[in-house]
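Structure, as structure tokens:
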Protein chains: 2
Amino acid sequence: MIERTHLAIIQQVSLRGTLTEAAISLHLTQSALSHAIKKLESQLNVKIWSKEGRVLRLTQAGESMLSLANRILPQLEHTEVLMKQIAAGQKGTLRIGMECHPCYQWLLTVVAPYLELWSDVDVDVKQKFQFGGIGALFNHDIDALVTPDPLFKRGLIFEPVFDYELVLVVNADHQLAQQDYVTPEDLSNVTLITYPIEIERLDIFSKFMLPAQSSPYKHKTIETIETTDIMLQMVASNRGVSALPAWLVEQYTNALPIKAIRLGKKGIHKQIFIGLREQESEIEYVKSFVALAKQA
Amino acid sequence: MIERTHLAIIQQVSLRGTLTEAAISLHLTQSALSHAIKKLESQLNVKIWSKEGRVLRLTQAGESMLSLANRILPQLEHTEVLMKQIAAGQKGTLRIGMECHPCYQWLLTVVAPYLELWSDVDVDVKQKFQFGGIGALFNHDIDALVTPDPLFKRGLIFEPVFDYELVLVVNADHQLAQQDYVTPEDLSNVTLITYPIEIERLDIFSKFMLPAQSSPYKHKTIETIETTDIMLQMVASNRGVSALPAWLVEQYTNALPIKAIRLGKKGIHKQIFIGLREQESEIEYVKSFVALAKQA
DNA sequence: ACAACCTATGAATGTAATTCATAAAACAAT
DNA sequence: ATTGTTTTATGAATTACATTCATAGGTTGT
């Protein structure tokens, strides 16, 4: 029988490297872990790791168990947190996943009133997912996903929450600043500043440059995630141009010497969705979040 | 600490209704379960169920734990099976999910040589998924998904394995049998026989009738899943018409008085994909399955 | 009211996890 | 090579915990 402790041991050993350290982090003795694993091995009749010198290398079987541990343990831990919250009279935690960088600013405007309204609900925002936002939703790593790419599949529900236009931000004195709109070719001799994510997920590339087989003179990424401000500062000081939601740029046009220009004749129009697990979509404090998001 | 036994108890109780029956199925006494749950409740400081008369009704907290149990226990059980297989010198099990009914016949032609080639790999085919095929793949309920709807997301890989044309099957003496192709309107006075799945997932509706805002005179579904034969028998005896892959119909045109007709001038062309988890896509016996599928 | 079900619970029991105290092996430095 | 340090492995003792037993206390239906 694979028990929770076995998985915890395997996880900690692969994390810390040695049985001894794993034992410390689990508040047990090295001997306990050694015995526990030995027993499991003889029950299942497989070796979990082999000793190469003094390092423990996971076997095929061990890898399977580690993968199981990484999938299961977070869920157990989260349920325990949930129980604590229920015990404390709270509703629970709404874990929001973000797959849309500029949305961060927008999300803040939704979360603030939400926290007011639901004082007994915690909010937790996550931005990194091993298997993408959809995977995180299926795995119960998050409860709601803010994304521009909905996925209408059984078990999941996606609701559109807001529309915006993606625009090019340039310095007010930039050569392009006078134009009504820019073409993909216009960008071939500028430095483009973006969030540090894959090119396929950057709309300015996937929906504008790539279809026209154009590419910018130079591509710079900003390392930190929350700092849309920094990107705009860079644009303001003429280090390059960037692509951001129109509503976001508007907030800065008074403070900084920047200008928003339409991308292409018709502009690039985007929609943001919130994805939920169908089961949970009727829970009051979940529904309320989506409702607030639609208003914002 | 939520342990595996706790989850097993909660699952069995919600399945069988009473503690006593759950105890029997777990080879324990009723007393053991009562004590175990009592302890958990006092540790977490939440009630798991409340007694309404003699039935146990899960509380909010209990529901969370049940959901956790249903997600986690199958994964533990599967890993144990895997361990047994590894212990026995086997490679493991390839659990194939199917989201494409007519593909069943085709899959058989792939599985047969695969079993020959990989005598130390078991194959398991599943067709029902609580959260859809994609969900099953993310949840590790299956290892490969046969589907017409690929989903290019991080963590998953989809490979096209074969193309086919969807055709209308009619009785050889049917009024439509003489036509080179049929229009959506042609179908408005026939009985259409399909697999028992949602209309949105039936291509004959979603790609042919619905865009033309047409609908059949009558819509009949066949209850059992594997029986494409039955559907063709129905067509052969003039009880209605159906939509199936061309290659499948061809196999029966000699034996039965049926005829395949193109749907629309250009026909409906479909592609079938196999989806895998990225992590596992490099495992030899998994790769080999996709390779064989491409050949078939 | 009684039989036939349930669940709850305290005390006794038995089992299994954990520690303790070493041994044995691997590595680094002298 | 030798020594000191750091690791895992293991048998025996100990402790903690799960489980059972025996029984009381509910609920339901006849």
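Every chain is numbered from 1, with letters handed out A, B, ... down the list of sequences.
Annotation: side chain of B/Asp149 is in contact with side chain of A/Lys153 (closest heavy-atom distance under 4.5 Å). Between B/Tyr104 and B/Thr228, every side-chain heavy-atom pair lies at or beyond the 4.5 Å cut-off. With contacts defined as side-chain heavy-atom distances shorter than 4.5 Å, the pair B/Phe129/B/Asp141 does not qualify. Taking the side chain as every heavy atom from C-beta outward, A/Ile134 and A/Leu156 approach each other to under 4.5 Å. Two residues are said to be in side-chain contact when any heavy atoms from C-beta on lie closer than 4.5 Å; B/Glu284 and B/Trp118 meet this criterion.
At a non-hydrogen distance threshold of 4.0 Å, B/Thr18, B/Leu19, B/Thr20 from residues 13-24 of chain B come into contact with DNA chain C. Residues from residues 60-67 of chain A placing a heavy atom under 4.0 Å of any atom in DNA chain C do not occur.
In this structure, A/Ile10 atom CD1 and D/dT8 atom P are separated by 15 Å, rounded to whole Å. Separating the CD1 atom of A/Ile48 from the P atom of D/dT8 is a distance of 15 Å, rounded to the nearest angstrom. A/Lys38 places its NZ atom 16 Å from the P atom of C/dA16, with the value rounded to the nearest Å. Atom CD1 of B/Ile37 and atom C1' of D/dA18 are 13 Å apart (whole Å).
Atom CD1 of A/Ile96 is separated from atom CD of A/Gln127 by 11.0 Å, given to the nearest 0.5 angstrom. Atom CZ of A/Phe289 and atom CG of A/Leu276 lie 9.0 Å apart (nearest 0.5 Å).
Between B/Tyr195 and B/His101, the ring-plane angle classifies as parallel under the 30° and 60° cut-offs.
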Polar atom pairs (N or O), protein with nucleotides 24-30 of chain D, under 3.5 Å:
| from | atom 1 | to | atom 2 | distance (Å) |
| --- | --- | --- | --- | --- |
| D/dT27 | O2 | B/Arg54 | NH2 | 2.9 |

Can you give me the N/O atom pairs linking the protein to nucleotides 17-23 of chain C at distances under 3.5 Å, or say none if there are none?
| from | atom 1 | to | atom 2 | distance (Å) |
| --- | --- | --- | --- | --- |
| C/dA17 | OP2 | A/Lys39 | NZ | 2.7 |
| C/dT19 | OP2 | A/Thr29 | N | 2.8 |
| C/dT19 | OP2 | A/Thr29 | OG1 | 2.8 |
| C/dT19 | O4 | A/His35 | NE2 | 3.2 |
| C/dC20 | N4 | A/Ser31 | OG | 2.6 |

Close N/O contacts between protein and nucleotides 13-16 of chain D (under 3.5 Å):
none

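Residues satisfying the side-chain hydrogen bond (donor to acceptor under 3.5 Å, both in side chains) criterion with B/Glu3, sequence neighbours excluded, are absent altogether. B/Ile157 is linked by a side chain to side chain contact (heavy atoms under 4.5 Å, CB included) to B/Glu159, B/Glu278, B/Ser281, counting only residues two or more places apart in sequence or in another chain. Among residues two or more places apart in sequence or in another chain, the side-chain hydrogen bond (donor to acceptor under 3.5 Å, both in side chains) test is passed with B/Glu77 by none. A/His219 pairs by the ring pair (Phe, Tyr, Trp, His ring centres under 6.0 Å) definition with A/Phe205, not counting sequence neighbours. For B/Phe138, the ring pair (Phe, Tyr, Trp, His ring centres under 6.0 Å) partners are A/Phe138, not counting sequence neighbours.
A/Ser119 places no side-chain N or O within 3.5 Å of a backbone atom of A/Glu116 that could act as its donor or acceptor partner.
The two atoms that bring A/Gly133 and A/Ile142 nearest to each other are O-CD1, 3.9 Å, heavy atoms only.
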Donor-acceptor contacts, no H, no angles, side chain residues 35-50 of chain B, under 3.5 Å, sequence neighbours left out:
| from | atom 1 | to | atom 2 | distance (Å) |
| --- | --- | --- | --- | --- |
| B/Glu41 | OE1 | B/Lys47 | NZ | 3.2 |
| B/Glu41 | OE2 | B/Ile48 | N | 2.7 |
| B/Ser42 | OG | B/Lys39 | O | 3.0 |
| B/Gln43 | OE1 | B/Met1 | N | 3.1 |

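Applying the 6.0 Å contact sphere to CD of B/Gln60 captures no more than 12 heavy atoms from other residues, nucleotides or ligands.
Two end axes, each from the C1' atoms of five base pairs, can be drawn for the helix from C/dA1-D/dT30 to C/dT30-D/dA1; they diverge by 30°, to 10 degrees.
Looking at A/Gln12, A/Arg4, A/His78 one by one, the single match for side chain to side chain contact (heavy atoms under 4.5 Å, CB included) with A/Leu73 turns out to be A/Arg4.
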